[in-house]
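Quantities reported herein were computed from a predicted structural model and do not represent experimental measurements.
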Amino acid sequence: MKRQKSSGFEVINYALLGLMALLMIFPFWNVLVMSFSTSHLVYEGQLLFWPKQWTTAAYNVVFQNRQFIQTLQNTVFITIVGTVISMILTTTLAYPLSKRTVKGASVMLFIAFFTMLFNGGIIPSYLLVKQLGMLNSLWSLIIPSALSVFNLMIMVSFFRSLPSELEESAKMDGCNDIGVLLRIIVPISLPVIATLTLFYAVSKWNIFFQAVMYNSDVSKMTMQVLLRQILVQMTSDAVDAAMSGDTPKIGVTVKMAMIIIATVPILLIYPFLQKYFAKGAMIGSVKG
């Protein structure tokens, strides 16, 4: 009887989870279908599960746009370089702050936490970036947001949960603090490192407000800003076409193609980091 109840529960559980997964996947699939279909079918609402009159015209338009290629390069640079810098700063700061024996660690942690509650605001941030000479530069989208206090707190908490015997045994073998961090702490902290790397990468890839505020140079535009411009232009063209009865110059399929191109690269990171999400820390690895 217990096995039957457990089996029935599992069937219902998998069915509900599968339904929820389909509900979350369907909007993305619908956008993908529209991006590979002709524009007039999209406007007429004739698409649902599968593309009709298959075409890659929308993707050809996007990739032939020189501004898009430059924007993609900018976004990739910000994502890769920004994520590396953020992870280096977060890891190297979280390690000493996780040690209660380090003098001033609690005060520094409180100061970092204080910035989560209060900040200078938009205008002081803009003036600071201007004084540093980073306006109209990709570094304005990397340096000011290089450290997330929320992610710092997560890593500090994780480091504190690790067995202290690991560090003690390494220091007995002649390893210094840097060696302990690189050879002991980092290898066994891959779950939290992978998770925070994904958090940073997603935030850098989707950066928008700072890009609008700090950059007015078209050559320093990011992907999300370009998407917004195309959306505004498409909306204007669609209104003009509706009033004149003509076909819009920029079809909705181009917008859908831009959404797919802007979303897929960051989604491809998930499979490589998925195994670390379920993997816990090596608690209990030291015996005796």
Side-chain angles (χ1 to χ4, degrees), residues 72-99 102 104-105 108-116 119 125 128-129 132 134 137-163 166-167 170 175-211 214 220 222-224 262-283:
L72 180 61
Q73 293 175 352
N74 295 339
T75 306
V76 171
F77 176 81
I78 293 171
T79 302
I80 296 177
V81 177
T83 301
V84 171
I85 294 176
S86 296
M87 286 306 303
I88 292 175
L89 293 177
T90 303
T91 305
T92 54
L93 181 59
Y95 180 64
L97 292 183
S98 65
K99 306 302 175 186
V102 176
M108 290 293 297
L109 200 58
F110 174 77
I111 293 175
F113 176 75
F114 187 81
T115 61
M116 293 181 61
N119 58 73
S125 300
L128 175 61
V129 173
L132 294 175
M134 291 191 298
S137 170
L138 296 181
W139 293 107
S140 63
L141 309 179
I142 297 176
I143 302 300
S145 59
L147 181 65
S148 170
V149 179
F150 177 77
N151 294 340
L152 176 66
M153 295 295 182
I154 295 177
M155 186 163 284
V156 168
S157 177
F158 187 90
F159 284 166
R160 287 181 176 178
S161 67
L162 297 177
L166 291 173
E167 300 182 37
C175 197
N176 56 20
D177 291 331
I178 297 178
V180 171
L181 176 62
L182 297 179
R183 298 181 181 181
I184 305 298
I185 302 301
V186 171
I188 66 176
S189 302
L190 290 180
V192 69
I193 290 176
T195 303
L196 297 186
T197 298
L198 184 61
F199 288 167
Y200 276 123
V202 171
S203 65
K204 299 295 183 183
W205 182 268
N206 293 327
I207 194 167
F208 172 77
F209 181 73
Q210 293 87 342
Y214 298 144
K220 301 298 189 299
T222 62
M223 182 75 67
Q224 306 306 324
T263 305
V264 168
I266 201 66
L267 288 179
L268 295 178
I269 301 178
Y270 279 89
F272 297 100
L273 302 179
Q274 178 66 30
K275 62 180 180 180
Y276 295 111
F277 292 154
K279 182 179 179 182
M282 197 172 60
I283 302 300

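Other residues, nucleotides and ligands contribute over 12 non-hydrogen atoms within 6.0 Å of the CZ atom of Phe208. Annotation for Met108: atom CE does not count as buried by contact number, only 12 or fewer foreign heavy atoms lying within 6.0 Å.
Ile142 CD1 to Ser137 OG: the interatomic distance, rounded to the nearest 0.5 Å, is 8.0 Å. Residue Leu147 holds its CG atom at 12.5 Å from CD1 of Ile88, rounded to the nearest 0.5 Å. In this structure, the separation between CD on Gln73 and OG1 on Thr222 is 14.0 Å, given to the nearest 0.5 Å. Atom OG of Ser140 sits about 11.5 Å away from atom CG of Leu128, to the nearest 0.5 Å. Atom-to-atom distance recorded for Ile207:CD1 and Tyr214:OH is 8.5 Å, nearest 0.5 angstrom. Atoms CD1 and CG, from Ile184 and Asp177 in turn, are 12.5 Å apart once rounded to the nearest 0.5 Å.
Side-chain N or O atoms of Ser157 include none that pairs as donor or acceptor with a backbone N or O of Met153 at under 3.5 Å. With hydrogens and angles disregarded, a donor-acceptor distance shorter than 3.5 Å links the side chain of Ser161 to the backbone of Phe158. When atom types are taken as modelled, the side chain of Ser203 and the backbone of Tyr200 share a donor-acceptor pair closer than 3.5 angstrom. Distance alone, capped at 3.5 Å, is enough to place a donor-acceptor pair between the Thr75 side chain and the Met223 backbone. Distance alone, capped at 3.5 Å, is enough to place a donor-acceptor pair between the Ser86 side chain and the Ala146 backbone.
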For this session: Test side chain to side chain contact (heavy atoms under 4.5 Å, CB included) on Gln224 and Trp205 and set out the steps.
Result: CA-CA 8 Å; Gln224 306 306 324; Trp205 182 268; 4.1 Å; yes
Problem set entry | side chain to side chain contact (heavy atoms under 4.5 Å, CB included) assessment of Val186 paired with Tyr95 | CA-CA 10 Å; Val186 171; Tyr95 180 64; over 6 Å; no
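Side-chain contact annotation: Ser145 with Lys204, donor-acceptor N/O pair under 3.5 Å present.
When all heavy atoms of Arg160 and Leu97 are compared, the closest pair comes out as NH2-O, 3.3 Å. Of all the heavy atoms in Thr91 and Met155, the pair that sits closest is CA-SD, 3.5 Å. Nearest heavy-atom pair, Ala105 versus Pro96, reported as atom, atom and distance to 0.1 Å: CB-O, 4.1 Å. When every heavy atom of Glu167 is checked against every heavy atom of Ile185, the shortest pair comes out as OE2-CD1, 3.7 Å.
Exactly one residue among Val81, Thr83, Val76 makes a side-chain contact (heavy atoms from CB on, under 4.5 Å) with Thr79. That residue is Thr83. Among Val192, Val149, Thr90, the single residue meeting the side-chain contact (heavy atoms from CB on, under 4.5 Å) criterion with Ile154 is Val192.
Leu268 has its side chain within reach of Val264: a pair of non-hydrogen atoms, C-beta onward, lies under 4.5 Å apart.
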